[in-house]
Structure formats: C-alpha cells, structure tokens
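Everything below concerns the one structure shown next.
As the structure is a prediction and not an experimental result, all values here were calculated from the model. Along the sequence shown, the residues carry numbers beginning at 1.
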Amino acid sequence: MNNIVLGEDFFSGVASENGELIQQKNKFEDIMVWYRCAIREVRTKLEVLNDEYQNNHDRNPIDNIKARIKTPMSIYEKLIRRNFPVTLDSILFKMHDVAGIRVICPFLDDIYTVADALIAQDDIHLIQLKDYIKEPKPNGYRSLHLVVEVPIFLSTGKKLMKVEVQIRTIAMNFWASLEHQIHYKKDQEDVEDVVAQLTECANIISQTDAKMQEIRLQLEAEGKLRMD
C-alpha cells in the first residue's frame with residue numbers, strides 16, 4: 001500500500017504543485033505522526049516504571065529520557081546507504097530507528113532493570129537486542145540497544161510501530177556525546193591511534209561505572225544510602 005517511490009526532491013522539501021508529490025508528502029507526514037505517537041507510548045511506559053520504582057525503592061532507575069524522530073533527509077540518506085528501495089514501505093519495514101528514545105540511568109544495573117521491565121509488558125514486542133555493554137564496539141562505545149514494537153491506536157484502528165530504545169549510564173552518555181563531537185574520519189592515517197585513545201577513555205569510564213555501583217550496593221547493604 002505504501003510502496004511509493006520517493007525522490008531526493010521529496011525529502012529535501014522542494015516545493016511542488018505536483019499532485020502525486022503532495023499525496024506522497026501527506027502519507028509521509030501520516031507516518032511521522034505514527035512514529036511520534038509510538039514515542040509517546042514508550043516514553044509513558046518508562047515514566048510510569050520510574051515513578052513506581054521511586055515509590056517502592058526510594059530512588060529512580062532513570063535519570064532522564066530524550067526522544068527524537070529522524071529528519072526526512074536523514075531517512076533518505078540511510079535508505080540510500082543501506083541500498084533499500086526509497087519507498088514508504090522501506091521506512092516502515094526496513095528501518096528500525098526512525099523513532100528513537102534514549103534512556104539515561106544512574107547505575108549499571110538500572111539499565112537491565114529498566115530494559116527487563118519494559119520488554120516484560122504484554123503489549124511490547126522485542127524485535128532486536130544488541131548489548132554493547134557486554135560487548136563494546138571497537139572504539140569503546142557502550143549502550144544497550146532495544147528495538148521494540150508497540151501498538152498505537154488511531155481513529156482508523158491499531159498500528160504496530162517500531163521504536164529504538166538506547167539505555168546507558170550517565171557516564172556512558174558523557175563519553176558518547178563527546179565522541180560524537182570529535183568527528184574523526186575513519187579513513188584517516190592515525191585512526192587506529194584515535195580509536196585506541198577513545199577506547200582507553202571508555203574503559204576508564206566503564207571502571208568508574210562499576211566502582212560507583214559497588215559503592216552504592218555497599219551503602220545499601222549497610223543501610224546508609226540516602227537517595228533524595
């Protein structure tokens with residue numbers, strides 16, 4: 001139904017009175033609304049879990065939540081990069097990260113607490129799980145990536161939408177944010193040295209995460225922990 005071929009002009013927002021292009025634009029905007037609805041559904045679930053945990057355990061496993069929808073041009077470029085047909089169907093069925101949520105947790109074990117509680121819900125279907133904490137990327141990147149399918153309910157009926165959920169600690173997010181700003185070229189001559197330095201920083205941060213969790217667990221066991 002949505003196997004409509006889209007061109008670069010469509011994604012770059014070139015104005016046109018062409019009826020077919022306007023129809024495509026309307027269908028594309030419908031899909032973006034569906035993704036925004038899916039983000040709301042997942043975000044609400046995470047906020048509810050955080051509130052419940054605060055009530056029952058006197059602390060929050062989630063520090064903050066950020067969400068985003070890929071831009072039209074970013075969607076187009078990824079379809080081209082992956083050699084997927086540039087169609088609405090490809091957006092819906094080939095791409096898993098059009099809608100994204102990043103969950104920042106205080107401690108390592110919070111990551112798995114949040115992930116397990118989310119995917120245990122009976123209206124959440126886990127599509128994919130990649131654990132870059134247990135198996136970091138070569139440059140040291142760490143995070144838990146989930147792709148989940150969640151139902152949204154529209155006037156026309158129920159639709160199942162995919163949302164990518166990245167869960168990481170504050171320290172992991174600090175590293176990833178700085179690494180993203182470095183913008184090193186992967187084909188430059190000294191790339192191996194750059195990757196080695198990034199990996200060293202990531203390992204130090206990982207050790208800090210582990211030590212902070214150890215301190216927290218020790219204080220909890222001794223009844224000395226106060227989480228305000």
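Applying the ring pair (Phe, Tyr, Trp, His ring centres under 6.0 Å) test to residues at least two apart or on different chains, the pairs with a partner in residues 44-69 are Y53-H57. Residue pairs that meet the ring pair (Phe, Tyr, Trp, His ring centres under 6.0 Å) test with at least one member in residues 151-178, sequence neighbours left out, do not exist here. The salt bridge (Lys or Arg N to Asp or Glu O under 4.0 Å) analysis of residues 194-213, with sequence neighbours excluded, yields the pairs K211-E214. The salt bridge (Lys or Arg N to Asp or Glu O under 4.0 Å) pairs that include a residue from residues 138-155 number zero, where partners must be two or more places apart or lie in different chains. Pairs engaging residues 63-74 under the salt bridge (Lys or Arg N to Asp or Glu O under 4.0 Å) rule: K70-D97 [sequence neighbours left out]. Every pair passing salt bridge (Lys or Arg N to Asp or Glu O under 4.0 Å) that includes a residue from residues 111-126 is listed here, sequence neighbours excluded: K45-D123.
Separation of atoms CG (L217) and CG (D109) is listed at 6.0 Å; rounding is to 0.5 Å. Atom CZ of residue F93 and atom CG of residue L88 lie 10.0 Å apart, to the nearest 0.5 angstrom. Here the CG atom belonging to N50 is positioned 11.5 Å from the OG1 atom belonging to T113, to the nearest 0.5 angstrom. Rounded to the nearest 0.5 angstrom, L108 CG and R216 CZ are separated by 9.5 Å.
Relative to the ring axis of Y141, K137 places its NZ or CZ within 45° and under 6.0 Å from the centre.
The number of heavy-atom neighbours closer than 6.0 Å to CE of M95, taken from other residues, nucleotides and ligands shown, is above 12.
Two residues are said to be in side-chain contact when any heavy atoms from C-beta on lie closer than 4.5 Å; Q213 and D110 fail this criterion. You'll find the side chain of V48 stays beyond 4.5 Å of the side chain of L46, heavy atoms only. K130 has its side chain within reach of Q128: a pair of non-hydrogen atoms, C-beta onward, lies under 4.5 Å apart. When side chains are defined from C-beta on, E164 counts as touching Q166, because their heavy atoms get closer than 4.5 Å. Looking at E192 and V195, their side chains never come closer than 4.5 Å, going by heavy atoms from C-beta outward. The shortest side-chain heavy-atom distance between P61 and C105 does not fall under the 4.5 Å cut-off. The closest side-chain heavy-atom distance from M172 to T169 is below 4.5 Å. Using a 4.5 Å heavy-atom cutoff, the side chains of Y35 and I91 are in contact.
Between K94 and D89, no side-chain nitrogen of the basic residue sits less than 4.0 Å from a carboxylate oxygen of the acidic one, so the salt-bridge criterion is not met.
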Evaluation steps, salt bridge (charged side-chain N to carboxylate O under 4.0 Å, His left out), between E77 and R81: CA-CA 6 Å; E77 289 171 351; R81 192 165 61 249; 5.2 Å; no
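Tracing side-chain contacts under 4.5 Å through hydrophobic residues (I, L, V, M, F, W, Y), one never reaches V42 starting from I104; they form parts of separate clusters. Cluster membership for L178 and Y132, using ILVMFWY side-chain heavy atoms within less than 4.5 angstrom, is shared. Residue V103 is not grouped with residue V147 when hydrophobic side chains (ILVMFWY) are merged at heavy-atom distances under 4.5 angstrom, including chains of intermediate members. Each of I127 and L92 belongs to its own hydrophobic cluster when Ile, Leu, Val, Met, Phe, Trp and Tyr are linked at side-chain heavy-atom distances under 4.5 angstrom. Hydrophobic clustering (ILVMFWY, side-chain heavy atoms < 4.5 Å, transitive): I133 and I170 are in distinct clusters.
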